[in-house]
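A quick write-up on the structure given underneath.
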There are 2 protein chains.
Amino acid sequence: MPLPDRSQYIPHLAFDSVVFGFSKGKLKILLMEYHATGWLALPGGFVKPDEDLETAVKRGLHERTGLKEVYLEQFHTFGTVDRFQPDVMKTILLASGAEVPENYWMLDRFFSVGYYALLDHEKVSLTPDILSDSITWYEVDKLPSLIFDHNIIVQKALQTLRENLDRKLIGGNLLPERFTMNELQAVYEAILGEKLRRTSFQRKMLSLEILERHEKLFTGKSHKAPYLYSFKL
Amino acid sequence: MPLPDRSQYIPHLAFDSVVFGFSKGKLKILLMEYHATGWLALPGGFVKPDEDLETAVKRGLHERTGLKEVYLEQFHTFGTVDRFQPDVMKTILLASGAEVPENYWMLDRFFSVGYYALLDHEKVSLTPDILSDSITWYEVDKLPSLIFDHNIIVQKALQTLRENLDRKLIGGNLLPERFTMNELQAVYEAILGEKLRRTSFQRKMLSLEILERHEKLFTGKSHKAPYLYSFKL
DNA sequence: TTATTATTGTCTCATATCGTAACAATAGAA
DNA sequence: TTCTATTGTTACGATATGAGACAATAATAA
């Protein structure tokens, strides 16, 4: 399996995606595990010479998750010299069984543009890339050590997500079309890392006039059934 | 005057700085005017192979303003294909009187990381770069047309500045060490583009406990003299 | 059928915050 | 001494938020 040629991509420039999902009450992100080494990294990629940066990120996201439409936001570009670790990269490339040419372009110094994505955990079908033998969900607050500065990238993504949460009303992107108020609150709590008041949360969300109320959800439990909501528009 | 060699900088990657200053009640930014063409652009630059991205931006800022310490914030990275306008770049290079080699690296497609800086208008001493014959302050709300996507970059910088204004308490970076409450309010109004209530603003600022009150400022006007303030720490 | 339990939707009240206006203080001029 | 313009502070009402109370209700148990 041949490695990509220098001419196929813009050199020195990469992107890394922090893909957030929500399941079983936990906020999770996608991580790739590289062949043989067992090293973990964010799913990322490179930009083609005639491709918009954001298009490249969407392409990468589509290849890994099968999803075409996801909520996507750029949050920071990482460009310190200490990201440059050609030995690490070389080990990953060799472990994939490929032949690594002299001065191979992927061993150069890279700047990486960080994007975070929010998607419905249930809708993805995961596919590893050439260098990885798996891609899996990991709980954000139990993250293992990642290669390069990827732990820092995740922290920055999470910080930006928190700051944008209220301003951009994006919590719903992690849920299916219809959800209960309790589920929405659980998403907010997972992102913010703190418990919220049930009544205040409900009042706030309803006062924003962005939710549409639908039929009740009967779960079979012996108590009042909650309404289902969806986001307007 | 020779143009920089391909090996001196990372290819395909640039930065652009939106340098905010405040004077005579107006919010202003620095623009460079290129030789002969009269085209206007943001002050920017390239990153050296062994240089941190942020270090490069500070270096560029120091070269243009003489300032070593400025408030600096990265806000977005621009990477659409339509930024690629080699003819425009070639005209600029030729107008500077330089000889432009075949396939010169500055004519390639570039990704640009946007930073904004806040500084005390009084402290800068302006120096144009090789390609420009002037660098001057322009009022943000009376901006002329700029090359490439630089008008969009300014808008994005301003938008981010507004969003960060309260959260990061950065308004003071545009003023000298000591200032009156009125001056601070004028900065906030210029950034937000709207009038603020005098009493509410004063109450809010004082309640944040970030200001230190100093002696009064006697302007010679026939009314009560305002206190001077500085930011704590 | 009725009582019980767990959870949901709403309301109330205390508190904090903010818009608005009023008021007192004061530096210099008349 | 009075007047004018501006500043610092306080008062009051409107609005938002924290915290708790209370009614509604789906399924179960009696």
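Residue numbers begin at 1 in each chain, while the letters A, B, ... track the order of the sequences.
dG8(D) atom C1' lies 14 Å from atom CG of L211(B), rounded to whole Å. Put simply, CE on M181(B) is 18 Å from P on dT6(D), counting in whole angstrom units. Summarising the geometry, the separation between CD on E215(A) and C1' on dA26(D) is reported as 16 Å, rounded to the nearest angstrom. In this structure, R203(B) places its CZ atom 12 Å from P of dA11(D), rounding to the nearest Å. Put simply, CE on M205(B) is 17 Å from C1' on dT7(D), counting in whole angstrom units. Atom CD in E194(B) sits about 14 Å away from atom P in dC18(C), given to the nearest Å. Following rounding to the nearest Å, Q202(B) (CD) and dT6(D) (C1') show an atom-to-atom distance of 11 Å. Taking atom NZ of residue K204(A) and atom C1' of nucleotide dA19(D), one finds them 17 Å apart after rounding to whole Å.
Contact annotation: the side chain of L27(B) approaches that of L174(B) to within less than 4.5 Å [non-hydrogen atoms, C-beta and beyond]. The shortest distance between side-chain heavy atoms of R64(A) and L126(A) does not fall below 4.5 Å. The shortest distance between side-chain heavy atoms of K216(B) and L228(B) does not fall below 4.5 Å.
Using a 4.0 Å heavy-atom distance criterion, T180(B) is classed as making no nucleic acid contact.
For the pair S207(A) and F218(A), nearest-nucleotide mapping onto DNA chain D gives the more 5' position to S207(A). Of the two residues near DNA chain C, R213(A) and K221(B), the one whose nearest nucleotide lies more 5' is R213(A).
Taking the ring centroids of F20(A) and Y71(A), they lie at or beyond the 6.0 Å cut-off.
A close approach under 4.0 Å does not occur between any side-chain nitrogen or oxygen of S222(A) and OP1 or OP2 of dA26(D). Taking side-chain N and O atoms only, S200(B) has no distance below 4.0 Å to OP1 or OP2 of dC18(C). The shortest distance between the side-chain N/O atoms of K216(A) and the OP1/OP2 oxygens of dA26(D) is below 4.0 Å. Remark: R197(A) is in phosphate contact with dA19(D), judged by side-chain N or O atoms under 4.0 Å from OP1 or OP2. The side chain of K224(B) contributes no N or O atom lying less than 4.0 Å from OP1 or OP2 of dA5(D). Considering only side-chain N and O atoms, N182(A) lies nowhere under 4.0 angstrom from the phosphate OP1 or OP2 of dT7(C).
With hydrogens and angles left out, the side chain of R198(A) and the base of dG20(D) share no donor-acceptor pair within 3.5 Å.
In the set dT10(C), dG8(D), dG9(C), the nucleotide with an atom closest to the side chain of T199(A) is dT10(C).
With Y116(A) as the fixed residue, the side-chain hydrogen bond (donor to acceptor under 3.5 Å, both in side chains) test singles out one of N164(A), D16(A), T160(A): N164(A).
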